[in-house]
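Each remark here refers to the structure printed beneath this line.
FYI, side chains are in, hydrogens and waters are out, and symmetry mates aren't considered; it's all heavy atoms of this structure. Predicted model only: the values in this text are computed from it and were never measured.
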Amino acid sequence: MSTHAPQAAQAVTLPTTLDEAVAALTAMPAAVPVAGGTDLMAAVNSGQLRPAALVGLGKISEIRGWQYLDGHALLGAGLTHARMGRPDFAALIPALAASARAAGPPHIRNAGTLGGNIASAAPTGDALPVLAALEATLIIAGPGGARRELPVSHLLAGMDLLRPGELIGYVRVPLLHAPQVFLKATGRTGPGRAVASVALVLDPARRGVRCAVGAIAPMPLRPLDAEQWVAQLIDWDNNRAIVPEALNAFGEYVAAACIPDAAPGEDGTVPPLPPAVLHLRRTVAALARRALGRALS
């Protein structure tokens, strides 16, 4: 909350359909879309943003639920963290539900939305590593009723950005029907804000492990070599058994891949990492180890 009133927007539009919202953004290129407003209002109150106009997305009922579609869940971008944290959703996509429950205090979970978490692309966004590990895709609504899909990871990495007038309409997530885990470590950077997070999902059909590390870089990191290595050590035909030593090695592998050693100096010696970075690496290793252990238990 702010003790002073932010500068009022010049116009506020409240569309009731996704296409109406796209049309409003197309007609007002300077307008800013707003759903829960948890990130937007923080930027306004701090003076970092003074939107000329707002397009409110709260009355668009079509993006506030989910449906099943060809082995996937089609999640509306307007789903709140509070809604995703409920038991029925947790039975559908457990890791995403766990990240929603960890997203912050109740007023943040009640207002913040899945689409807003993706669009703001804050490194500490709890849903982002989960979506990366699940290899989710976005359905983007554009002018004239156009729809296109792109991987969440492409948007977060800046490989493909939203075009003028476009909005995130839905998130397509594969239903793996297998264990999923989300864990995070918090510090003094804010209430519930992650200093590191790990999402890990098992894909028994492909005998694969997918892992994403969040909060330590501008986008979630996928340690692909570590995923492939540990997947070969799991006995998929015998209750997904694995030797305990492999859990520790996996954690170290993930941490080293995401937080590598410093480059060698001119004399060939490798300088030590700063204590804070070493602590972060140990934190990531512990989270990855625990996540895999819980997924396999």
*Stepwise, does the side chain to side chain contact (heavy atoms under 4.5 Å, CB included) test hold for L75 with L96?*
CA-CA 11 Å; L75 313 178; L96 193 55; 3.7 Å; yes
Exercise: identify the closest heavy-atom pair between [X] and [Y]:
| X | Y | value |
| --- | --- | --- |
| V181 | A291 | CG2-O, 3.7 Å |
| G208 | A231 | CA-CB, 4.2 Å |
| L202 | A295 | CD1-O, 3.6 Å |
| I108 | A103 | CG2-O, 4.0 Å |
| P271 | P264 | CD-CA, 4.5 Å |
| P123 | A217 | CB-O, 3.3 Å |

Could you tell me the separation between the [atom1] atom of [X] and the [atom2] atom of [Y], rounded to the nearest 0.5 Å?
| X | Y | atom1 | atom2 | result |
| --- | --- | --- | --- | --- |
| R294 | R289 | CZ | CZ | 11.0 Å |
| R193 | T124 | CZ | OG1 | 4.5 Å |
| D70 | L175 | CG | CG | 11.0 Å |
| I242 | S297 | CD1 | OG | 12.0 Å |
| I63 | L167 | CD1 | CG | 7.5 Å |

*For V270, the rest of its hydrophobic cluster, which grows through side-chain links under 4.5 angstrom*: none
With sequence neighbours left out, write down each residue that passes salt bridge (Lys or Arg N to Asp or Glu O under 4.0 Å) with [X], or none if nothing qualifies.
| X | result |
| --- | --- |
| R172 | E149 |
| R86 | none |
| R210 | E135, D203 |
| D88 | R83 |

*Would you please say whether a donor-acceptor pair under 3.5 Å links the side chains of T269 and D267?*
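D267 and T269 do have a side-chain donor-acceptor pair below 3.5 Å.
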Given the rule that I, L, V, M, F, W and Y join up when any side-chain heavy atoms are under 4.5 Å apart, are [X] and [Y] in one cluster?
| X | Y | result |
| --- | --- | --- |
| L233 | V243 | no |
| I140 | I60 | no |
| V209 | I93 | no |
| M219 | I216 | no |
| L92 | L114 | yes |

*Stepwise side chain to side chain contact (heavy atoms under 4.5 Å, CB included) test for V230 and L292*: CA-CA 10 Å; V230 79; L292 180 60; 3.6 Å; yes
*asked:* With a 6.0 Å cut-off (strictly less than), is the heavy-atom count around CG of N238, excluding the residue itself, greater than 12?
replied: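 It does: N238 CG has more than 12 such atoms within range.
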*Inspect the surroundings of CZ in R148 and state if more than 12 heavy atoms from other residues, nucleotides or ligands are less than 6.0 Å away.*
yes
Just so I know, are the side chains of [X] and [Y] near enough to count as touching, which here means a heavy-atom distance under 4.5 Å?
| X | Y | value |
| --- | --- | --- |
| R64 | L79 | no |
| L200 | L183 | no |
| V55 | P15 | yes |
| C211 | V198 | yes |
| L138 | Y170 | no |
| L150 | M159 | no |
| N117 | T113 | no |
| L156 | S153 | no |

*Within the side chain of K184, is there an N or O that forms a donor-acceptor pair under 3.5 Å with the backbone of A102?*
yes
*Do the side chain of S197 and the main chain of A194 share a donor and acceptor less than 3.5 angstrom apart?*
no
*asked:* Can you tell whether the side chains of R109 and D126 come within less than 4.0 Å, N to carboxylate O?
replied: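 Not counted as a salt bridge, because no side-chain N and carboxylate O are separated by less than 4.0 Å.
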*Under a 4.0 Å N-O cut-off, is there an ion pair linking D19 with R147?*
yes
*Show the numbers, then the answer: is there a side chain to side chain contact (heavy atoms under 4.5 Å, CB included) between V277 and I259?*
CA-CA 8 Å; V277 178; I259 307 175; 3.5 Å; yes
*Kindly state each residue pair satisfying salt bridge (Lys or Arg N to Asp or Glu O under 4.0 Å) with at least one member in residues 225-251, sequence neighbours excluded.*
R207-D237, R222-E227
Scan for ring pair (Phe, Tyr, Trp, His ring centres under 6.0 Å) pairs involving [range], sequence neighbours excluded, and state none if there are none.
| range | result |
| --- | --- |
| residues 205-238 | W229-Y253 |
| residues 104-141 | none |
| residues 273-292 | none |
| residues 50-103 | W66-F89 |

*Could I get the full list of side-chain contact (heavy atoms from CB on, under 4.5 Å) partners for A98, not counting sequence neighbours?*
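If we apply the side-chain contact (heavy atoms from CB on, under 4.5 Å) test to A98, skipping adjacent residues, the hits are R101, F182.
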_Using the rule given for side chain to side chain contact (heavy atoms under 4.5 Å, CB included), can you reason through I118 versus L128, listing the C-alpha separation, both sets of side-chain angles and the distance that settles it, and then say yes or no?_
CA-CA 7 Å; I118 299 168; L128 304 186; 4.2 Å; yes
Table please: side-chain donor-acceptor pairs of residues 20-36 below 3.5 Å, with sequence neighbours left out.
unit_1	atom_1	unit_2	atom_2	d
E20	OE1	T16	N	2.9
E20	OE1	T16	OG1	3.2
T26	OG1	V22	O	2.8

